[in-house]
There are 2 protein chains.
Amino acid sequence: MAIFSKTCEYAMRAVFYVAQRSHEGYKVGIKEIAGHINSPEPFLAKILQQLSRDGVILSTKGPNGGFYFDAASLNRPLADVVTAVDGDEIFTGCGLGLTYCSESNPCPLHEEFKKVRNQLTHMLHTTTIGKFNLGLIKGKFTLNK
Amino acid sequence: MAIFSKTCEYAMRAVFYVAQRSHEGYKVGIKEIAGHINSPEPFLAKILQQLSRDGVILSTKGPNGGFYFDAASLNRPLADVVTAVDGDEIFTGCGLGLTYCSESNPCPLHEEFKKVRNQLTHMLHTTTIGKFNLGLIKGKFTLNK
DNA sequence: AAAATAAAGGACAAAAATGTCTTTTATTAA
DNA sequence: TTAATAAAAGACATTTTTGTCCTTTATTTT
């Protein structure tokens, strides 16, 4: 069990790839994205549809169409991607899966777990969709395998 | 999607409950555990079997038998429970699900994600199985719902 | 030794996540 | 305006997770 679902991993990788290509001035088709982030093409299509419905990513149909980000979208936090595909349970849920657990009525693990969750939340809110564009363009890292 | 799997949540809740009862001098049957942590009894049985095989929890069959911890086991870290049921992917895996990603060949998110993972690892290693015994006995918190 | 108890183990079932395929709709270029 | 392109949508298939049930094995009490 990883921290994020496969769906969420694909979504983040795809978003970083599309962000890079948008920075370079291109829109990207599903086939190109799937190839570069090593994900099953039809499954990724579903994920990007979801992101599109939620307004996280932009898309146009037809020739020269594809997925892309505008300047404003490139500054959105990665957290928006996670929320769109996995919901906000990862940001709010109890570590032991207890529904009663809250700040005023905490479970045993609440205080300890809160630190982890806050760190994760902070990371996903300070990391923008376009944060790695230059590094990706320079080939500093890749998004496949 | 929560951080831990359902299996893992049940395992941690069960372990905390059995630890408390062990501290009080009792062994506990699967039915009593399932009732107190609000989990499906046969499914929990499988999980505790796994923990038992891995030597994380102790058990004896027959009348007055059940699950329990000895003093040494009560000091084991919660991380052992997580590893036994979910493996160590949560401690070592890449945030983007990339297999090439490592300290020497990091993915874009590596440095940021490492902080979260380290915090989680630290929390699970410093929290012992018996840590909440007194709080649980005093009724400071519960483990169901 | 026999009966009762409780975990261990294996086979099976349902639900959710992951993955595939085909048709439809929107857009653009010729 | 027609043909080509590419995302959107819906139906379907597989795998994994979650959950159930029944039989076996070990232990204890009578």
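Reminder, nothing fancy here: chain letters follow the sequence lines and each chain counts from 1. All values below come from the heavy atoms of this structure, side chains included, with hydrogens, waters and symmetry mates left out.
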Point to revise | Rounded interatomic separation in angstrom, taking CG from Leu44(A) and P from dA17(C) | key: 18 Å

Check your understanding: Whole-Å distance between dG19(C) P and Leu48(A) CG?
Key -> 14 Å

Revision key, fill the gap. Excluding Leu58(A), membership of its hydrophobic cluster (Ile, Leu, Val, Met, Phe, Trp, Tyr; side-chain heavy atoms within less than 4.5 Å) reads Tyr68(A)

Exercise for review: Establish whether the base of dG10(C) is bridged to the side chain of Lys46(B) by a donor-acceptor pair shorter than 3.5 Å.
Suggested key: yes

Practice item. Could you check how far CD of Gln49(A) sits from C1' of dC21(C), rounded to whole Å? Key: 13 Å

Exercise for review: Answer yes or no: does a side-chain N or O of Tyr10(A) lie under 4.0 Å from OP1 or OP2 of dT18(C)?
Suggested key: no

Review point. To the nearest 0.5 Å, how far apart are CD in Gln20(A) and NE2 in His23(A)?
Key: 9.5 Å

Review point. Does Asn64(A) put a side-chain nitrogen or oxygen below 4.0 Å from OP1 or OP2 of dA29(C)?
Key: yes

Exercise for review: Report the distance from atom CZ of Arg53(B) to atom P of dG10(C), rounded to the nearest whole Å.
Suggested key: 8 Å

Review point. Should Met1(B) and Leu109(B) be regarded as members of a common hydrophobic cluster, given that ILVMFWY residues are connected when their side-chain heavy atoms come within less than 4.5 Å of each other, either directly or indirectly?
Key: no

Check your understanding: Is it true that the side chains of Asp70(B) and Ser73(B) contain a donor and an acceptor less than 3.5 Å apart?
Key -> yes

Review point. Across the strands shown, which category fits Pro42(B) at heavy-atom distances under 4.0 angstrom: base, sugar-phosphate, nothing?
Key: base

Exercise for review: I would like to know whether Glu112(B) and Lys131(A) meet salt bridge (Lys or Arg N to Asp or Glu O under 4.0 Å); could you show each step before the answer?
Suggested key: CA-CA 12 Å; Glu112(B) 287 85 346; Lys131(A) 185 170 186 179; 3.2 Å; yes

**Study point:** Polar side chain donor-acceptor pair, Asn75(A) to Thr128(A), under 3.5 angstrom
**Key:** no

Practice item. Check step by step if side chain to side chain contact (heavy atoms under 4.5 Å, CB included) holds for Val82(A) and Met12(A). Key: CA-CA 8 Å; Val82(A) 175; Met12(A) 292 189 289; 4.2 Å; yes

**Study point:** Proximity to the side chain of Ser52(B) - top-ranked nucleotide from dA8(C), dG19(C), dT27(C)
**Key:** dA8(C)

Review point. If only side-chain N and O atoms of Ser59(B) are considered, is one of them under 4.0 Å from the OP1 or OP2 phosphate oxygen of dA8(C)?
Key: yes

Revision key, fill the gap. Nearest-nucleotide check on DNA chain D, Met1(A) vs Gly66(A); residue mapping nearer the 5' end is Gly66(A)

Check your understanding: Is there a path of hydrophobic side-chain contacts, each under 4.5 Å between heavy atoms of I, L, V, M, F, W or Y residues, that connects Tyr100(B) with Leu136(A)?
Key -> yes

Revision key, fill the gap. note: Gln50(A), atom CD; dA17(C), atom P; distance rounded to Å ~ 13 Å

Practice item. Determine, step by step, whether Thr127(B) and Met123(B) satisfy the side chain to side chain contact (heavy atoms under 4.5 Å, CB included) criterion, reporting the C-alpha distance in whole Å, the side-chain angles of both residues, the deciding distance to 0.1 Å, and the verdict. Key: CA-CA 6 Å; Thr127(B) 303; Met123(B) 186 270 274; 4.0 Å; yes

Check your understanding: Quick one: on DNA chain C, does Phe67(B) or Asp86(A) contact a more 5' nucleotide (nearest heavy atom)?
Key -> Phe67(B)

Exercise for review: Please determine, by modelled atom types, if Thr83(A) and Asp88(A) share a side-chain donor-acceptor pair under 3.5 angstrom.
Suggested key: no

Practice item. Find the distance Leu58(A):CG to dT27(C):P and express it as a whole number of Å. Key: 14 Å

Review point. Can you tell me how far P of dT23(C) sits from NZ of Lys61(A), to the nearest Å?
Key: 17 Å

Point to revise | Nucleic acid contacts - residues 25-36 of chain A versus DNA chain D, non-hydrogen atoms under 4.0 Å | key: Val28(A), Gly29(A), Ile30(A)

Revision key, fill the gap. First and last nt of DNA chain D near chain B, cut-off under 4.0 Å to heavy atoms, 5' to 3', are dT18(D) to dT29(D)

